[in-house]
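What follows is one structure encoded as structure tokens, with my remarks underneath.
Counting begins at 1 with the first residue of the sequence. Any value given below was found using the heavy atoms of this structure, including those in side chains, with hydrogens, waters and symmetry copies removed. Counting convention: from 1, in listed order, for ligands and their atoms alike.
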Amino acid sequence: MTQGTSQVGSSRDRIQIPSPREFGHWIGGQWTTSQGEPFIRENPGNGELVGRYRNATPEEVDSAVRSARHAFDQGVWSDLSGEDRSRVLERTAQVILARTEELAAFEMAESGKPLRQARAEIERSAALWSYAATQARSINGSSFAALGKGLTALTIKEPVGPVAIITPWNFPFLIISQKLPFALAAGCTCVVKPSELTPATTLLLGEILKAAGMPDGVVNIVAGHGDPTGDALISHPDIEIISFTGSTRVGKHAMRTGADRIAKVALELGGKNPHIVFADANLEHALDAVLHGAFANAGQSCNCGSRLLLERSIADAFTEKLIAAARKIPVGSPLDENTLVGPIINEAQFNRIISLIAAGKEEGAILALGGTDRRINGGRYIDPTIFVDVTRSMRIAREEIFGPVLSILTFESAEEAIALANHTAYGLSAGVWTRDISVAIQAARGIKAGTIWINTYLDGPAELPFGGYKESGIGREVGLAGVEDFMEIKTIQIRDAGYSPRWIGPRISPDSNDRSAG
Ligand code: NAD
């Protein structure tokens, strides 16, 4: 049953391909030159040069962190009112929108994602900056007036301090926009290290923030690989919180590094997300969402719905229609407006996907579509791939593949579907398709994951927190929770002067004054 998918040619008339650009680091509100080892980024779609970079050395990382520390200690940002911070964040959203085409072109050229998807990502990112702008004005604590006569207390929220933000390559501008504006709304200052595979748009944020009125030193951005740049950043003693998105393997390393100095750590990690379709669902909508969830961004998505769990009574018919539709997905140049599946990011990831496809076959799953790879114009592509007869113990049912590979399993009951969904070390997201509200609630309550989509997949309004259970992470991004991750809670207890407790000497209020904290 293995067959290729349709392929479309490329056209360049609708987009300005960015000329290769040389980037330094953005430190203290300006571009700085680097002494670090040079590296380049080439377009995964055609091998053309996109950018020249240098790995920030530990000394350059130190300079970036000192800049963030100084800006924090001087209060150039954290002392501003929420109203003033909000204004800068909203202006940033507007400058991002004004530079959408340029940002989308760099995003497409470095990540290989289809151009229309890159444009949508930039627009969605601007919306996150706008939302975070509203949060900058809404930070508040609690008050306590029922603690006994003479004692009043309140909690206030304060910015944690300089933040290290580390991001992956698959949605570079979206992911930095899920973190940075929220850290800034909280009043933190930041040092950002984007992935070495897609640094351009994040580095351009330096210029964008400056144009929006961000004080110098509040946001510093360094290019580089995990070694030496990322490691120097997360182990820096002046970093108070590490906000990391990437693989579970590197996330564990970031957590261990933070533990050495009890730095706060927030992690957004991998996923092996189940997409469950019950027989009573709107199957037409479910089918489209399953394809989108599995194959968007060539499956290189933390939310990739890479496990399809089908109720047995509809499994054969649904699978047949799914394969027929998947076969028509346009695979090809990211520049083509029709393309839905672009190239794989690099050789290492390509080889990993191919080896997991081989493992699926070796372990006895049936390859029903794809499994094929091809080179187009220098890019490495893998066709949408579907395995049937997959069992829960197979590697393709357990491991994050991060490619366009969908594994289909079947179930008889809601209980079995939930058990299958939870049979993984991850817990990022899940999709459930049913018209039965009690089944929907049962699944939503039973699945251990940070986001459950019912009769939808991949929705993501800025108001809603996002994050993982289990090995998918710690902490939440976006929404109110996204700001709170970057804040400390301070408790302030106030006694009326006349009711001060006495440790020695006569007690004024023996019933309520003896509750010292431990
Ligand atoms: P990765 O872990 O290889 O790299 C992520 C970032 O960490 C990069 O900037 C990299 O340079 C840096 N890094 C690597 N080694 C480091 C070190 N020793 N010290 C400090 N930094 C280091 O991940 P990737 O391949 O870029 O991204 C894919 C992974 O990200 C997938 O597992 C995916 O599921 C996950 N992801 C998760 C989310 C989420 O929100 N949960 C979103 C997107 C991607």
Quick look: Ile166 vs ligand 1, heavy-atom contacts under 4.0 Å, and the answer is side chain
Heavy-atom count around Leu49 CG within 6.0 Å, excluding the residue itself: above 12? yes
Under 4.0 Å from one or more heavy atoms of Ile175, ligand 1 contributes atoms 42 (C), 43 (C)
(message) Salt bridge check, Glu60 against Arg54: does any charged N sit closer than 4.0 Å to a carboxylate O?
(response) no
### Query
If you measure from each heavy atom of Phe171 to ligand 1, is any distance below 4.0 Å?
no
among protein heavy atoms, the one nearest atom 41 (N) of ligand 1 is Leu269 O, 2.7 Å
Among Pro172, Gly246, Gly270, Gly271, closest by heavy atom to atom 35 (C) of ligand 1 is Gly246
The answer for which part of Gln178 has a heavy atom under 4.0 Å from ligand 1 is neither
Under 4.0 Å between heavy atoms, the region of Thr229 that gets near ligand 1 turns out to be neither
Ligand 1 atoms nearer than 4.0 angstrom to some heavy atom of Glu196 are 10 (C), 11 (O)
The closest protein heavy-atom partner of atom 42 (C) of ligand 1 is Cys302 SG, 3.1 Å
message: Would Ser472 count as a polar contact of ligand 1, with the cut-off being nitrogen or oxygen pairs under 3.5 Å?
response: no
query: Less than 4.0 Å between a side-chain N and a carboxylate O, is that true for Glu347 and Arg375?
result: yes
* Between Asp260 and Arg256, does at least one N-O distance fall below 4.0 Å, as a salt bridge requires? -> no
Min over Leu428, Val250, Thr245, Asp227 of heavy-atom distance to atom 5 (C) of ligand 1 lands on Thr245
Short version for Thr248: what comes under 4.0 Å of ligand 1, heavy atoms counted, is neither
*Can an N or O of Phe402 be found at a distance shorter than 3.5 Å from an N or O of ligand 1?*
no
Of all protein heavy atoms, the one nearest atom 34 (O) of ligand 1 is Glu400 OE2, 2.5 Å
Looking only at protein heavy atoms, what sits closest to atom 8 (C) of ligand 1 is Thr167 O, 3.4 Å
Can you confirm, on distance only, whether ligand 1 has an N/O atom lying under 3.5 Å from any N/O atom belonging to Ser247? yes
Sorted by chain and residue number, the ring pair (Phe, Tyr, Trp, His ring centres under 6.0 Å) partners of Phe411 (sequence neighbours excluded) come out as Phe278
